[in-house]
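Presented below is the structure to which this report refers.
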Amino acid sequence: MKRSRIPLYTTIAVLVFFYLPIFVLIIHSFNASRFSGSWEGFSLRWYIRLFTEREIWYALRNTLIVAFSTTVVSMVLGTIAAFALHRFNTRLQRVHYTLIYTPLVVPDILMGISLLLFFVAIGVQLGLFTIFLAHTSFCVSYVAMVVLARLQDFDFSVIEAAQDLGANWWTIAWRVLLPLLAPGIAAGGLLAFTLSIDDFVITFFVTGPGATTLPIQIYSMIKHGSPPLINALSTILLVVTFLIIWTVQHLTEDERTHENA
Amino acid sequence: MMNPRNKSFGEWLVTLPSFVWLFILFVIPTLIVFTIAFKPADPWGGIGEGWTLDTLISLGNPNYPAIIWRTIWLSLVTTVVCIALALPMGYYIARAPARWRRLLLLLTVIPFWTSFLIRIFAWKVLLHPDGYVKRALVFLRLSEEGTMLLYRSEAVLLVMVYTLLPFAILPIFAAAEKFDFRLVEAARDLGAGKLRAFRQVFIPGIQRGLLTAVLMVLIPALGMYIIPDLVGGPRSEMVGNKIAQRTFVDRNLPHASALSAGLTLAVMAPMLVVLMMQGRRREEHEVR
Amino acid sequence: MAEFLEFNDVSKRYGPIRAADHVSLSIRRGEFFSLLGPSGCGKTTLLRILAGFEYPDTGRVLLDGTDITDQPPNKRKVNTIFQNYALFPHLTVRDNIAFGLRIARRPAAEVREEVDRMLAMTQMEEHAHKKPHQISGGQKQRVAIARALINKPEVLLLDEPLAALDLKLRQRMLFELDRIHDQVGITFLYVTHDQGEAMSLSDRIAVMNNGRIEQLGTPAEIYEAPTSSFVAAFIGDTNFFDGTVSETPEPEYCRLRIDGFPDVLCFNDKNKQAGDLVHLSVRPEKFRLSVVKPNVDGRHNLVPGRVEEVIYLGSQTKFLVRVQDYRLSIAQPHSRFLLDEQPIRWEDNVWVWWHADDGYMLDRYSEKDEALKEMPAE
């Protein structure tokens, strides 16, 4: 049977569409010209300029503080939530599931404005702490979903096996459950970390004076700053992201080839 | 064995942390949005005393219907374009040999992991009056020197498709991967043409993934804010922009709340439709 | 004296399904005991109740005179081989085997020594450092056995341990299990739906159906003297006849009148009287088959028939022979088929005969069990 070529052509077109803007951006970060319209030779001047911008370093520091604390807290809360959702099948868990699921679909501007109003209403000082609270609120859901997916193809007879061999609940949690779920929890944590680093809209609403994160810094640079500098910053961020994805991919691939052996 | 009382205690113990967190930081803030919509604004950018319907009435201002209509229209077109591209692509990835499949999937996921702002900025550079797209169009005589590519609804649409497309491809791919392609062969064997087999066997087979894809594109599109903010102009504002404008520029929080409450109801509508469709399908299964 | 392992009036329901229906059962120390039955008959439920993963609705479980019904699984001196082995995927073979001893906080030197002993017994020494996904199904099986036995359980529970293996490997593991049972001498409780496994390994078998024990006995008793149509049809193939006793010519024999079949003489161990209703089961291999009319004595039944199907099965050939309203399932070993004066073919007219002692009267009969036979009557 001859297959239609439309799917192939669409796939190629979409991939070009995906990567063309990114490539143009990377290439232009090495352009000596201030303007993206003309090529005036290869240069690293924008990268050098970037390292002298103190605001960027400050924003990066803030971003990492928020991202790390968000990751840790949402990993703990999300894992426990996933366990509850998987282990029990009650009305409470149906409500719980809706509560976990809804933040995933609500547009971020709605989360942003509602959290802003909440913080204003209870009189919390806006800043890194409110950003952390906001980020954790949506990251918990992502971690819970990733871990829940992992739990669903988890073979629960190993828990009975551990019990059969004399382990109590505490031992099972530490010696069987946690090591086995570790890849899922780590994947959820990584997702939370990237989402936190990348979030602009919600952060924009709940940030306070001085609490500039990297996306907010980039936003104000796009609005007011010089494009070549953003090109350089974007390229660095893209490379870091590629490296992270590549590492994750590499690690999971190793695991898979072992399984086939 | 756990006895029932211990069991429900254990359940509460593992449910409470996330439950309490999300109740305080998700449910209560959402309720506050609906409450503040009925409050007057005070002149200092805060929230006034008492209750009022003025905010809701002022939404009747002729500016709003146009923005609301544009928001819905742009979101629907974005969704249609994304699904139209994601369907053949998801199908292709699902049928590709395992090695290729992993690579294609990776290529689809990478944009999803990279910064949202950077991807928007990349397009801003391309669509810039001195950018390559503009110059290519002028060179091909498809555009005139004076035409502006940026700051218009078409630019917003293009970038929305660009950023939301992975969200449509992934669920469609996930459903297509589980789909039994021998069913398509069976349909062809029974005399169905290519398109007919695709439409009547493949599409119903991946219905759940398709619905998820629609939601994953439509809902963020309805609430979109930075894309019109960065590549759109005054004539391509969406509801999200108005919410931000009322919050940051006019500092009229009740007004922002009223708009947000409306948007919340608007995004719940497609969700409920999908949930109902899935619920009905489940019932059908049970009858069988 | 109390038996070693006792189920006393044990019941368990899942909604409307009775997985165990007031089961009482005694198992002797050191015995290889099988629970045999189709899926859903409740055999796994009994095993899980004994392991402690399920709590019975009624009844008690006693091990060596102690009531263990309320003990949690980690406190019971029983260990389980799970159907899919349930090896810990994140631990090596060695660490899997050592798990139980480490939980019990035994000294490291002792753990090492015991694990080495187990690795030797299961011939897994060279795979000790591997993870479960790097070894084959048969090897996983051995690790699961070693991991359970190292705790020196009083009873080893095996839940369909061979189901995931292919035929050849299954046969090898059967011998292996037999050897290990002889070597360690503890009680084995084996759950399976495969009659071949149960027959070849067990000292005694309990055949289960709908949460109840249909029959309990040695493999030979169960095969040769089934008490119900379920057991007769589930264990091997059989032919059912129902008729009424017309006369009792000798004290130990009776003659049956069967609708649509010639009169049949059968062994009367149930002391049936004229007019009683009887259900008879005759195994396919008990029949003899020949084109030439044989000379047989008065204790044999001899009937004429016509061959409707000949099915070659390798080790034997199966014939379906029409005798009036009945279609008999008859198995003949091959040596006979090859050496016989004349091979039997499709549509041949043949003589079928069997000794009256080879028919067996059933205590209970259910129409439903006809469906369990390998070949339908029509």
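Note on naming: letters A, B, ... go to the chains in the order of the sequence lines (proteins, then strands), and numbering restarts at 1 for each one.
In this pair, A/His86 and A/Phe156 present their aromatic rings parallel. The plane angle is below 30°, not in the 30 to 60° band. Ring geometry for A/Trp170 against A/Trp174 counts as perpendicular: the plane angle is over 60°, on a 0 to 90° scale with 30° as the lower cut. Note: C/Tyr190 and C/Phe32 have tilted aromatic rings, judged against thresholds of 30 and 60 degrees for the angle between ring planes. Relative orientation of the A/Tyr19 and A/Phe23 rings is tilted, given thresholds of 30° and 60° on the angle between their planes.
Heavy atoms of C/Leu157 lying under 4.5 Å from chain A are absent altogether. Of the two parts of A/Asn168, the backbone and the side chain both hold a non-hydrogen atom closer than 4.5 Å to a non-hydrogen atom of chain C. Neither the backbone nor the side chain of A/Ala182 comes within contact range of chain C; no heavy atoms are under 4.5 Å apart. When heavy atoms are compared at a cutoff of 4.5 Å, C/Arg48 approaches chain A solely by way of its side chain, counted from C-beta outward. Of the atoms belonging to C/Asn79, heavy atoms from both backbone and side chain fall under 4.5 Å from chain A.
For the atom pair OG1 (A/Thr102) and CE (A/Met111), the distance works out to 10.0 Å, reported to the nearest 0.5 Å.
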